[in-house]
Novice: 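Here it is: the structure, laid out below.
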Amino acid sequence: MAVSKRSCGQEASPSKALRRDWAYGIRLFVVPLGSATASRRMIWDREIKAAGGCLADSPWSATHMLLSPEVTPVRLGTWAEKLLEARGRPAANDPVTSVRILSKSLQATWLCTDWLIACLAKQCRVLEEKFKCCLDASTETLDHEDRDCHFIADGPAVAKPQKTEGSSPALPASATASPARTEAESDDSDVEEVLPKLRVFGGEMTPKRANLLRNREKFACQRGGQDPPKTSGSSPPKSRNEKLVSMFSRLQQHYESLGDGWRERSYRLTASILRGLPFEVTSEEDLDRSELRRLGKKTRDKLKEFLNTGSIGRVDGLHMDEHAKALAELQGIWGVGLTTARRWLGSGCRTVTDVRSQVQDGTLRLSADQLIGLQFFEEFAQRIPRIEVDEIIQVVQAAVSRRFGNRLRMEACGSFRRGKASCGDVDLLLCARSAKDELALGSTHDVLSSLVADLHGQGFITHDLKGGNQSHRRPGGHVGQDVNDGEEQQSSTAATYFGVCQLARVGSLHRRIDIKVYPVLEFPFALLSFTGSGPFNRSMRLYARRAGFSLSDHSICRAAHARGNGRGERIWTGPPIAAMQFASERDIFEFLGLAYREPWQREVDASWLAETGTDKQAAKQATAATTGLAADVSSQASSPPAKAEREALGWKDEDEVQSLSD
DNA sequence: CAGTAG
DNA sequence: CGGCCTTACTG
DNA sequence: GCCG
């Protein structure tokens, strides 16, 4: 609580007071459907009161109605009917008409929940225009069950710089209480400045966060970009210290297969530091170089040993090539992890071949997924050339267009998006192009299963892995009535599919393919997450965590510790932060105060370093060293491929925001 | 509980 | 000594 | 294994 909000140089603004009670005169009613869960409503309750507004007891006394974007017309209709009935008013038979009747009887402005979220984020009254719900769009297209009627306005937040002229969106009568205030607010020039800008940490700066911000360079997700994908053959960054690198890599692999993730992490760090070293380690003095300041005592001892004897006992002594190597091979089977590998090893399975024969014997029982993983072990081990990924994308894109027209956008993520020349699997992310499309498309699960069915039908998808038929979730559409049960669940309605595909060509191999469908609001987070790389994500999430947030593939939240989540006690949750101010990956970086990194710059190899105290000297030295001395490394690191080159590689320039503005 | 995904 | 990323889902 |  002891937070000094002053620490982020606020320039004196004439409207400080205004921002504080931006909700003055608002009586809000939140429709208890969709993601407007009870817990969320409670938070909003508190916030709106803090901002000088209040809550309406019922829709009938509200000045503003707040509606969650994913609530379907029918759903809202049934809720409206109940409400009308309770008031003794006639409801129409048709849900959509009922909504219209309700909205006419009320004297409120209907807004998307994102409006409130945006207001809370900016701590000022955001223009309502873009968040209005079109409740009577039905007149045009009412005829069919399809009813493309969009309740939610299309253009979400992220209003790019705009004039504040024609604001004052006709406030409801009850707002007359404070006409002067509202007036002043709308043409206050400060709002113009604050509104379009996404504020770092939501505007809540603390000394801790400020410090973190200063040290962000120390996180891998902020390192200068890594190598652009191999373009010309000229510079294979063959490092000096090859021997050392390979030794520590062995240690890393050893502990990886053994399941000691922490040592694995540690050794990976060491190996990658050595790999990027601009000099060769030849003497113990070299150990004092700033680049190596992160190495601990044990590692230093190993280095010294190497310098003295030319080898490292610990490494030589790895009899692993019997035990650990077998473990590694078994874990290479999709669906097999450390525990299973150990179990099998204990029962006499050393190799994939052993497993196969034991399966034949009936000695070993595998899950369905493991059987598939076993069947295609060799094929899955093959990298997929970038060009083939392109073909696969085309096939899926064709199916998407055929079934959903232009309503869905598709992005290939994973290593493909990072520009790699070959990929381990294909990772596709789907999302409605706009809020309007989202409503028209229906549930993400329906979209996904219908797409998958299509791909199955044409023989492109050959096998399902887990998640293949997880239509386990609440389809959300025909639930009798949850009018009073606004609980729902924030299930976040993302749908995921894991499977196997194969191009219809002669020698084509079976490939792993993942397809995910995410809600529009979560798309930037999903895109960021599934683009990776893994270490990059971990680094960025660690940073977010240090700043007091929790970053995931769905959203970013304040990290409040909540316990007693049943089994896992360590669940961190918190009030969702600004669900809506994020329309692109850039916004997430911006929110965290991080410099944006293009997908091809997220190939984190330089480890993820947590913060150090305040070792400015060392930091500067390191920076100088890597930018100056390590010319051969950093030169190619920080230069993006030319535009033409990017196009040749199939990169798209970022167009995310554009697609949302319809 | 173990395993999957980036 | 405890953290080291995240979270939901499946068998 | 390293860090605070």
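Below, chains carry the letters A, B, ... as their sequence lines are ordered, and counting in each starts from 1.
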Novice: Answer with base, sugar-phosphate or nothing: what part of the nucleic acid does Thr270(A) contact at a heavy-atom distance below 4.0 Å?
Specialist: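 Since no nucleic acid heavy atom lies under 4.0 Å of Thr270(A), the category is nothing.
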
Novice: Hey, does Asn537(A) reach any base, or is it just sugar-phosphate, or nothing, if we go heavy atoms under 4.0 Å?
Specialist: base

Novice: Should the ring pair Phe536(A) and Phe589(A) be called parallel, tilted or perpendicular, given that the plane angle runs from 0 to 90° and is split at 30 and 60?
Specialist: tilted

Novice: Mind checking whether Phe201(A) and Phe549(A) have parallel, tilted or perpendicular rings, split at 30° and 60°?
Specialist: parallel

Novice: Give a yes/no answer on whether the side chain of Trp334(A) brings an N or O atom under 4.0 Å of OP1 or OP2 in dA5(B).
Specialist: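 Checking dA5(B) against Trp334(A), a side-chain N or O does come within under 4.0 Å of OP1 or OP2.
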
Novice: Rounded to whole Å, please give me the gap between CZ in Arg265(A) and P in dT6(C).
Specialist: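 These atoms are roughly 12 Å apart.
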
Novice: What is the distance from CZ of Arg263(A) to P of dG2(C), rounded to the nearest Å?
Specialist: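 Computing the Arg263(A):CZ to dG2(C):P distance gives 16 Å.
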
Novice: May I ask you to say what Leu528(A) touches in the nucleic acid, namely base, sugar-phosphate or nothing, with a heavy-atom cut-off under 4.0 Å?
Specialist: nothing

Novice: Mind checking Ser552(A) for me? I need base, sugar-phosphate or nothing, with any heavy atom below 4.0 Å counting as a touch.
Specialist: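 Result for Ser552(A) = sugar-phosphate.
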
Novice: I want to check one thing: is the phosphate of dT7(C), taken as OP1 and OP2, less than 4.0 Å away from some side-chain N or O of Ser550(A)?
Specialist: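 So the side chain of Ser550(A) is within the cut-off, an N or O lying under 4.0 Å from OP1 or OP2 of dT7(C).
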
Novice: Dot-bracket, DNA chain B: Watson-Crick or G-U, under 3.5 angstrom, [ ] crossing, | other strand?
Specialist: ||||||

Novice: Using whole Å, report how far NZ of Lys297(A) lies from C1' of dG4(D).
Specialist: 20 Å

Novice: dC3(D) and dC5(C): how far apart are their P atoms, nearest whole angstrom?
Specialist: 15 Å

Novice: By ring-ring contact (aromatic ring centres under 6.0 Å, His included), which residues pair with Phe376(A), not counting sequence neighbours?
Specialist: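 Counting only residues at least two positions away or on another chain, Phe376(A) forms a ring-ring contact (aromatic ring centres under 6.0 Å, His included) with Phe380(A), His463(A), His510(A).
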
Novice: Would you mind classifying the nucleic acid contact of Gly335(A) as base, sugar-phosphate or nothing, using non-hydrogen atoms under 4.0 angstrom?
Specialist: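 The answer is sugar-phosphate, as Gly335(A) gets under 4.0 Å only of primed atoms, P, OP1 or OP2.
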
Novice: Measuring to OP1 and OP2 of dC5(C), would you say a side-chain N or O of Arg541(A) lies under 4.0 angstrom away?
Specialist: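 No.
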
Novice: Of the options dC5(C), dT6(C), dA2(B), whose atoms approach the side-chain atoms of Arg538(A) most closely?
Specialist: dC5(C)

Novice: Does Tyr267(A) reach a base, just sugar-phosphate, or nothing at all? Heavy atoms under 4.0 Å.
Specialist: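 Touches sugar-phosphate only.
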
Novice: Report yes if the ring of Trp262(A) lies under 5.5 Å from the six-membered base ring of dC4(C) with planes under 30°, and no otherwise.
Specialist: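 It does: the ring sits over the base of dC4(C).
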
Novice: To the nearest Å, how far apart are Phe525(A) CZ and dT6(C) P?
Specialist: 14 Å

Novice: How many whole angstroms separate atom CG of Leu338(A) from atom P of dG3(B)?
Specialist: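 It works out to 6 Å between those atoms.
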
Novice: Hey, what do you get for CG (Leu455(A)) to SG (Cys501(A)), rounding to the nearest 0.5 Å?
Specialist: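 Rounded to the nearest 0.5 Å, the CG-SG separation comes out at 8.5 Å.
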
Novice: Could you please name the option among dG1(D), dC3(D), dC4(C) that lies closest to any side-chain atom of Arg294(A)?
Specialist: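 That would be dC3(D).
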
Novice: So which nucleotide from dC2(D), dT4(B), dG6(B) ends up closest to the side chain of Lys466(A)?
Specialist: dT4(B)

Novice: Which nucleotide sits closest to the side chain of Asp425(A): dA5(B), dG1(D), dT7(C)?
Specialist: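 Between dA5(B), dG1(D), dT7(C), the one nearest the side chain of Asp425(A) would be dA5(B).
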
Novice: To the nearest Å, give me how far apart CG (Leu448(A)) and P (dA5(B)) are.
Specialist: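 Distance check: Leu448(A) CG to dA5(B) P gives 17 Å.
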
Novice: Does OP1 or OP2 of dA8(C) have a side-chain N or O of Thr496(A) closer than 4.0 Å?
Specialist: no

Novice: Work out how far the P atom of dT10(C) is from that of dT6(C), and round it to whole angstrom.
Specialist: 23 Å

Novice: Going by atom types alone, do Asp464(A) and His456(A) pair a side-chain donor with an acceptor below 3.5 Å?
Specialist: yes

Novice: Working to the nearest 0.5 angstrom, can you tell me the gap between Arg511(A) CZ and Ile461(A) CD1?
Specialist: 15.5 Å

Novice: Roughly how many Å is it from NE2 in His445(A) to P in dA8(C), rounded to a whole number?
Specialist: 13 Å

Novice: Check whether Phe530(A) forms a cation-pi arrangement with Lys516(A) (NZ or CZ under 6.0 Å from the six-membered ring centre, at most 45° off the ring normal).
Specialist: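 Here Lys516(A) passes the 6.0 Å and 45° test against Phe530(A).
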
Novice: Quick check for you: among dC2(D), dA2(B), dC4(C), whose closest atom lies nearest to any side-chain atom of Lys298(A)?
Specialist: dC2(D)

Novice: Within the 3.5 Å criterion, strictly below it, is a donor on Arg602(A) or Ser533(A) matched to an acceptor on the partner's side chain?
Specialist: no

Novice: Is any NZ, NE, NH1 or NH2 atom of the basic residue among Glu598(A) and Arg418(A) found under 4.0 Å from an Asp or Glu carboxylate oxygen of the other?
Specialist: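 Salt bridge: no.
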
Novice: What integer distance in Å separates Arg293(A):CZ from dC2(D):C1'?
Specialist: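 Arg293(A) atom CZ is separated from dC2(D) atom C1' by 14 Å.
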
Novice: Categorize Asp427(A) for me: base, sugar-phosphate, or nothing, with a 4.0 angstrom heavy-atom threshold over every strand shown.
Specialist: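 Counting heavy atoms under 4.0 Å across all strands, the contact made by Asp427(A) is with sugar-phosphate only.
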
Novice: Under 4.0 Å: is that the gap between some side-chain N or O of Lys516(A) and OP1 or OP2 of dG6(B)?
Specialist: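 No, because none of the side-chain N or O atoms of Lys516(A) sits under 4.0 Å from OP1 or OP2 of dG6(B).
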
